[in-house]
Engineer: 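Mind having a look at this structure? Questions to follow.
For the numbers below, each heavy atom of this structure counts, side chains included, while hydrogens, waters and symmetry mates do not. In what follows, chains are A, B, ... by sequence order, proteins preceding strands, each numbered from 1.
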Amino acid sequence: MSDLLASLTDAQRQAVEHVEGPLLILAGPGSGKTRVITHRIAWMLRQGIRPESILALTFTNKAAEEMKTRVADLAPGQQVWLSTFHRFCSRLLRQYAEHVGLEANFAIYDTSDSRSLLKQAIAALKLEDGRFTSDQIAGGISWAKNSLISAENYKPRPGHPLGAVVAHVYPLYQARLLKANAVDFDDLLLHMALLLRENPELRGRLDLRYRYIMVDEYQDTNLAQYTIVRGLSIDQPNLAVTGDPDQSIYGWRGANLSNILDFEKDYPHVRVVRLEQNYRSTKSILRAAAQLIGNNVRRKAKGLFTDNAEGSPVRLVRHASQQTEAEAIAARIAAEVRAGRRRPRDFAIFYRTNALSRVIEYVLRDMAIPYQMVNGVEFYQRKEIKDVLSYLAVLNNPRNEVAVLRVINTPARAIGKTTIERLQEFAADRKCSLLDAARQSGVVPGISGRAAVAVAKFVALIDRLMLLTVRPVEEVLFHVLTESGYEDFLRASQAEEDQERLANIQELLSAARQFDERNPGVGHLEEFLEETALVNDTDDWETSSDRVTLMTLHASKGLEFPVVFIVAVEEGVLPHERSKESPDQLEEERRLLFVGITRAREELQLSYARQREFRGRRGWVVPSHFLFELPREEMTLEDECGGAHQPTEVADEASQISADGTDEFPVWSDSGDRPRPSDEEAATTFEAPLQSPDNSPATVTGVANLTTAAELAMPTSSAFAVSGRDEFRVGGIVRHAEFGLGKIVALSGGGSRRCATVAFASHAGQRTFVLANAPLQAIRSG
DNA sequence: TGTGAGTTGATTTTT
DNA sequence: TCAACTCACA
């Protein structure tokens, strides 16, 4: 019994042992929050609480998975319901679908599906006010849904033009979703919340069923999520939430900071536990973070402290340009790795917007420093994957109009735009689904004989495939690929891109196979579709691979790294230009920097450039005012704008800048000769690529001899592997287990989806493989 | 049905 | 700057 508690601190133990009644765990960064949650679940199970009565909700699949694993270690064999909000709602909604006008087999539209439906709705309305993009309208609808405003109840604010448009579009969009028996992401929460609100009897039953509820990252809940959680814990208020108001960075997506700030009002007898001891960062990093966040008003003050070492001072560096900023960081990383002090995986580089990653990528690639970017093109968003999955979606839910539209002429089967429009009109007239209209193509007005035949063939194809839906998913998928002609269509193509698509489809087949293995038995198509809709594959970011990590500040939440660089800490970037309108938004930007800073375990460097290219324009930069809020007197301040080497130039620039009053250098140090690895030093000590099996001298590159912009701009295929297995390069010789020796002619894709096209010496010709799966061995790099 | 010039509009994005 | 989208044309 006590072994569970033995490893915990006093505060952690208090949280774990508090089982009955509401509990608010205010968990600072690095305070062992996940540990508390998992131990608390294990503790409850040890107390004899039935696993079915425990529900733990997270925001991300990653968090849910991690907790599942850790709970399984602490309490083997006990199944508690631990999932994301969306998954939980989806499962429950399938049981009570008819209450909200759906059928149990409803489809889940991802962002691009719902966007395409929205565009149709907008087009159908022939709006006069064309001022707003579909994205803006989608934002308006999403905001309404997150605020629990249904289509019927939406009232635009007077004098709010976007609101007026949303008021028009939202009802039609929602009607079409229902007609297609589909929901968007927001609907999963909205339907669930309304279901609970409008069915007291059902609410009471579910409240009783989930007697113990835990919510992670409570500061990120929106009104819909709040309502769901609240609805399930009125009679049984054993609700434990964890969160940190200081790490709320999704306000722009509807997260409501008041949910956590006012928790004590909702549950007056709440027990509040503060986890203030940080086990992650050094004292100097934590002080910087604490002082920064102290400037926020909307928060619950915490006294963050750590017993960790003082550590080296936080570095604040000014660079001449974004180019030199990137180069200096790369050189520093290279030097550390060369010296054997660090591995590439120890480093992370954070930025406010994705556009900022480009320069960094170029430089890292040029220096052959292995890196990986989190959030590349998502696998399930690729055209070929969406196409094939749409077939499955139609089979599972024939009313799914977006999916039908996607596959009806993919691959091309001579069903043109006009034919489709006629079918849509007919379906609207008869109030039937698009597929039902297609079934009667012979009698649809305006459809020629030839088109009617093509449509009939398509319907026959779907009907034939429909008979297979109880088979294992891989098998269904296989039949879809062969009988639809999709596979042949790609095979026949000469385009290299299409060969890569084939490889991706292979990948999908193997994902289906793995799913079938996990879910033996028949008829799991719907669950497979749900998984592909709700699980995004950026989860495959591997900590195991030895690479520098690049990501946005948002993406960094929940992670930690020994050394962190945060770039472009500049006015207009961080805080972002668009966040300056309201104090709340500005505070959120400050929290974003706080989150970034607190990811660092041992070393932290913030930097900015004096000039930055932005949308093709070069402009002077004003350092972020957040920098002035840091404890600068205890930090290392470096100026890398040229310093002692070009005194005149610096003087010129300085006078030029102070003239327009934009440059009060917050980091100025009187002498530039503080010991630090200079660029030259780094360039000379760094002589070979970090992760190359050979010692080819051709890859030697340093800051001193950076290649031209044109070369840097070369497509990834001609440079080093961006984020794949670095032993594979264009021109390299490989051996394939089956086809023998070949030469790599192209590389594409990234991460675990990285593909190589290989020309074989044997009769095998040219083939494309997913590197992660292919039995390929590098013999000699290019 | 696919290509190519021209236009436009550019945060963050757990699901 | 650049990529995504539209619209006209073959």
Engineer: How should the glycosidic conformation of dT11(B) be described, syn or anti, under the criterion that syn lies within 90° of 0?
Structural biologist: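 It is syn.
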
Engineer: For R358(A), enumerate each residue passing the side-chain contact (heavy atoms from CB on, under 4.5 Å) test, keeping only those at least two apart in sequence or located in another chain.
Structural biologist: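 So R358(A) forms a side-chain contact (heavy atoms from CB on, under 4.5 Å) with Y362(A).
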
Engineer: Give me the first and last nucleotide of DNA chain C, going 5' to 3', that has any atom under 4.0 Å from a heavy atom of chain A.
Structural biologist: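 The protein-touched segment is dT1(C) to dC2(C).
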
Engineer: The criterion is side chain to side chain donor-acceptor pair (under 3.5 Å); which residues satisfy it with K119(A), sequence neighbours excluded?
Structural biologist: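 Once residues adjacent in sequence are excluded, K119(A) has no partner under the side chain to side chain donor-acceptor pair (under 3.5 Å) criterion.
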
Engineer: How would you list, by chain and number, every residue that makes a ring-ring contact (aromatic ring centres under 6.0 Å, His included) with F594(A), sequence neighbours excluded?
Structural biologist: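 In terms of ring-ring contact (aromatic ring centres under 6.0 Å, His included), with neighbours along the sequence ignored, F594(A) is linked to no residue.
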
Engineer: Apply side chain to side chain donor-acceptor pair (under 3.5 Å) to H576(A) and list each qualifying residue two or more places apart in sequence or on a separate chain.
Structural biologist: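 Listed in chain order: nothing, the list is empty.
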
Engineer: If the condition is side-chain contact (heavy atoms from CB on, under 4.5 Å), which residues does A438(A) pass it with, not counting sequence neighbours?
Structural biologist: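 A438(A): side-chain contact (heavy atoms from CB on, under 4.5 Å) contacts with L423(A), V455(A), V459(A).
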
Engineer: E217(A) has an atom CD; how far is it from atom P of dT15(B), in whole Å?
Structural biologist: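 Taking CD of E217(A) and P of dT15(B), I get 12 Å after rounding.
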
Engineer: Considering only atom P, compute the distance from dT12(B) to dC5(C) and round it to an integer number of Å.
Structural biologist: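 So the two P atoms sit 15 Å from each other.
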
Engineer: Quick one, give me the B/S/- string for nucleotides 1-11 of chain B, reading 5' to 3', where B means a protein heavy atom under 4.0 Å from the base and S means that only happens at the primed atoms, P, OP1 or OP2.
Structural biologist: S--------BB

Engineer: Please name the residue in the list E588(A), E587(A), E589(A) that meets the side chain to side chain donor-acceptor pair (under 3.5 Å) test with S579(A).
Structural biologist: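 Looking at E588(A), E587(A), E589(A), the match for S579(A) under the side chain to side chain donor-acceptor pair (under 3.5 Å) is E589(A).
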
Engineer: Who passes side chain to side chain donor-acceptor pair (under 3.5 Å) against Y109(A), sequence neighbours left out?
Structural biologist: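 Checked Y109(A) against side chain to side chain donor-acceptor pair (under 3.5 Å); matches are N400(A).
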
Engineer: Classify the nucleic acid contact of R591(A) as base, sugar-phosphate or nothing, counting any heavy atom under 4.0 Å across all strands shown.
Structural biologist: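 Nothing, no nucleic acid heavy atom in range.
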
Engineer: Specify the separation, in whole Å, of atom CG of N146(A) and atom C1' of dT15(B).
Structural biologist: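 One finds 11 Å between C1' of dT15(B) and CG of N146(A), rounded.
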
Engineer: Applying side chain to side chain donor-acceptor pair (under 3.5 Å), can you list everything that pairs with N105(A), at least two apart in sequence or on another chain?
Structural biologist: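 Partners of N105(A) by the side chain to side chain donor-acceptor pair (under 3.5 Å) criterion, ordered by chain and then number, come out as N181(A).
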
Engineer: From the options dT15(B), dT14(B), dT12(B), select the nucleotide whose nearest atom is closest to the side chain of Y250(A).
Structural biologist: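 Closest nucleotide among those given: dT14(B).
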
